[in-house]
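Have a look at the structure below before the remarks.
No hydrogens, no waters, no symmetry mates; every other heavy atom, side chains included, goes into these values.
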Amino acid sequence: MSVGKPNVIIIVLDTLRKDHSRGIERLLTRDFGFTSIENAITTSPWTIPSHASMFTGLYPLYHGVHEGRKRKVPDVRFREDGTYLHEVLGSLGYTTYLLTANFFVGPDFGIRAFDEFRDTLKPLIEDRDREELNEVLKKHEPRNALELTWALVKERKFTLPFKIFLRIVGRYGEGWPRDKGAKVTERLLSEMELKRPVYMFINLMEVHEPYSIFEGFTDAPVVNRLLGEEPELVEKWRKGYPRQVEYLEKRLREMMETLEDRNLMENSVIVVTSDHGQLLGEDNRLGHGVFLDDELLRVPLLIKAPHEIGETGGYVSLARIKPFILSQVEGKDFQLASEYALAESFGTHYPYPNLPEEKLEAVKELEKYRIKLYHREGTAVFNVDDWKLEGVESEAEDFERKARRLILRHLSLLTGGRVAG
């Protein structure tokens, strides 16, 4: 094993959208020598498919770890097969570390091949209680904390509300929901014994909802928020989101200083990015998933690397993180940017049992496979289910034909070129 291999560190600032990341970009470029990439595009508007693209170097259509009409959380799971970045680096002699506040990015959802795993945010519910709670959620679909408590009482789950309440109060005493694991992460970075070369993947959840102590700790409101049916939350989220970004910036500075103190900033490939953005009232919608809006797909991307990172003038898909890092490890040239980037949505990622008929019709329209193209000449969305272009934005006369050709090429790679034009 060569002692000259660079350390590799990826930090995902979960749910941070590009247009709210200027302070963090300024911090990392000015004080820590990072390069900021302007046109970075995530591959999916929610966590698991986006992370799978970073791990595999593939778009969701090809790695297969994504939602669908009949596949929702918790059945959307990672599929480690020896090709994930942590597995590849492990085979090259790296010791691999996963520090995550996001339970989607961990053993419960198929990520098990890291040498060390640290959960930086304790769940509100212990594993043994989660199954009971899920049964109640599916049966009653509570819309808020009061309805959830009443549903639990009706099902004679008398102790569960108190367990959840005590856990919330305990978290609040530790700074939650302002802090969602960043303090623990910084402490671990200071104290962990690290065997080099290091590969460390960190997920920080500070910018993710909730933005207040009793807000939305059931999955039931997710569809309502995406359909624009929670208008009373819009102003709260618009105020809470930037406060969380500001808090994250402070914690991130501390982490960078810790990396410097531990000599992990030199001879290291460090990537700081986000897995997706957040809707903050655009069209009265809140949250993430399903939609292919800029607020969800344009993300910050900052890189510090021992070798040249190449041309960054085009679009950079997060699916290019894996090959970029391997090129840095191997000391090879790599073209980080390309002419275009894609993002995909296959529908909603949470189940929605017992929806009223009028709402079910609206959700069905969301359950269509759509691909968004970002190209130097414009953007376009292709509705695969209805086989038509939507939302084309370009001044180029020939752009629609070009967009269709590029998207059909993407689809045809999976079918061996058997997609009709």
Measure the acute angle between the ring planes of Phe55 and Phe114, then classify it against the limits of 30° and 60° as parallel, tilted or perpendicular.
-> perpendicular
Measure the acute angle between the ring planes of Trp46 and His349, then classify it against the limits of 30° and 60° as parallel, tilted or perpendicular.
-> parallel
Are the side chain of [X] and the backbone N or O of [Y] linked by a donor-acceptor pair below 3.5 Å?
X: Lys359; Y: Leu227; value: no
X: Asp179; Y: Lys183; value: yes
X: Ser274; Y: Leu13; value: yes
X: Glu206; Y: Lys180; value: yes
X: Thr120; Y: Thr185; value: no
X: Arg178; Y: Ser212; value: no
X: Arg370; Y: Asn383; value: no
X: Ser268; Y: Ile270; value: no

Of all the heavy-atom pairs spanning [X] and [Y], show the shortest one and how long it is.
X: Val299; Y: Gly277; value: CG1-N, 4.4 Å
X: Leu280; Y: Arg238; value: O-NE, 2.7 Å
X: Leu226; Y: Gly287; value: CD2-C, 4.3 Å
X: Ser394; Y: Gly378; value: CB-CA, 4.0 Å
X: Leu389; Y: Glu400; value: CD1-O, 3.7 Å
X: Arg71; Y: Arg79; value: NH1-NH2, 2.7 Å

Answer yes or no: are there more than 12 heavy-atom neighbours, outside [X] itself, under 6.0 Å from its atom [atom1]?
X: Lys239; atom1: NZ; result: no
X: Lys72; atom1: NZ; result: yes
X: Glu361; atom1: CD; result: yes
X: Arg30; atom1: CZ; result: yes
X: Glu246; atom1: CD; result: no
X: Glu330; atom1: CD; result: yes

Side-chain ion pair, [X] and [Y], N-O less than 4.0 Å:
X: Arg253; Y: Asp31; value: yes
X: Asp294; Y: Lys372; value: yes
X: Lys18; Y: Glu38; value: yes
X: Lys368; Y: Glu365; value: yes

[X]-[Y] side chain donor-acceptor pair, cut-off 3.5 Å:
X: Gln328; Y: His307; value: no
X: Thr43; Y: Glu344; value: no
X: Ser50; Y: Thr42; value: yes
X: Asn102; Y: Thr100; value: no
X: Gln244; Y: His208; value: no
X: His140; Y: Glu155; value: yes
X: Thr95; Y: Asp115; value: no

[atom1]-[atom2] distance between [X] and [Y], expressed to the nearest 0.5 angstrom:
X: Ser327; Y: Asp333; atom1: OG; atom2: CG; value: 8.0 Å
X: Glu186; Y: Ile202; atom1: CD; atom2: CD1; value: 10.5 Å
X: Leu248; Y: Thr15; atom1: CG; atom2: OG1; value: 10.5 Å
X: Leu259; Y: Met200; atom1: CG; atom2: CE; value: 8.0 Å
X: Thr312; Y: Leu336; atom1: OG1; atom2: CG; value: 7.5 Å
X: Thr96; Y: Phe117; atom1: OG1; atom2: CZ; value: 12.5 Å

List the steps, then state whether salt bridge (charged side-chain N to carboxylate O under 4.0 Å, His left out) holds for Asp75 with Lys70.
-> CA-CA 9 Å; Asp75 297 323; Lys70 297 182 179 180; over 6 Å; no
Do Arg69 and Asp385 pass the salt bridge (charged side-chain N to carboxylate O under 4.0 Å, His left out) test, and can you show the C-alpha distance, the side-chain angles, and the key distance before you say yes or no?
-> CA-CA 12 Å; Arg69 284 191 181 90; Asp385 285 35; 2.4 Å; yes
Centroid-centroid under 6.0 Å between [X] and [Y] rings:
X: Tyr59; Y: His410; answer: yes
X: Phe104; Y: His51; answer: no
X: Tyr340; Y: Tyr315; answer: no

Over-ring placement of Arg251 relative to Tyr247, 6.0 Å and 45° cut-offs | yes
Using the ring pair (Phe, Tyr, Trp, His ring centres under 6.0 Å) rule, take Phe109 and Phe103 through it: C-alpha gap first, then chi angles, then the decisive distance, then the call.
-> CA-CA 8 Å; Phe109 283 84; Phe103 70 99; 5.7 Å; yes
Please assess Val245 against Leu16 for the test side-chain contact (heavy atoms from CB on, under 4.5 Å), listing each intermediate value before the final yes or no.
-> CA-CA 8 Å; Val245 175; Leu16 179 60; 3.8 Å; yes
Derivation and outcome, side-chain contact (heavy atoms from CB on, under 4.5 Å), residues Phe78 and Arg112 = CA-CA 10 Å; Phe78 296 98; Arg112 300 188 176 94; over 6 Å; no
Please walk me through it: do Asp293 and Arg285 pass side-chain contact (heavy atoms from CB on, under 4.5 Å)?
-> CA-CA 11 Å; Asp293 298 344; Arg285 301 184 312 228; 2.3 Å; yes
Taking the side chain as every heavy atom from C-beta outward, state whether Leu204 and Ile11 have any atom pair closer than 4.5 Å.
-> yes
For Tyr369, which of Trp387, Phe382, Phe346 qualifies under ring-ring contact (aromatic ring centres under 6.0 Å, His included)?
-> Phe346
Check against side-chain hydrogen bond (donor to acceptor under 3.5 Å, both in side chains), Ser53 and His63 | CA-CA 7 Å; Ser53 290; His63 62 58; 3.2 Å; yes
Taking it one step at a time, do His20 and Tyr241 satisfy ring pair (Phe, Tyr, Trp, His ring centres under 6.0 Å)?
-> CA-CA 9 Å; His20 280 255; Tyr241 186 86; 5.0 Å; yes
Please walk me through it: do Val105 and Thr47 pass side-chain contact (heavy atoms from CB on, under 4.5 Å)?
-> CA-CA 8 Å; Val105 188; Thr47 299; 3.9 Å; yes
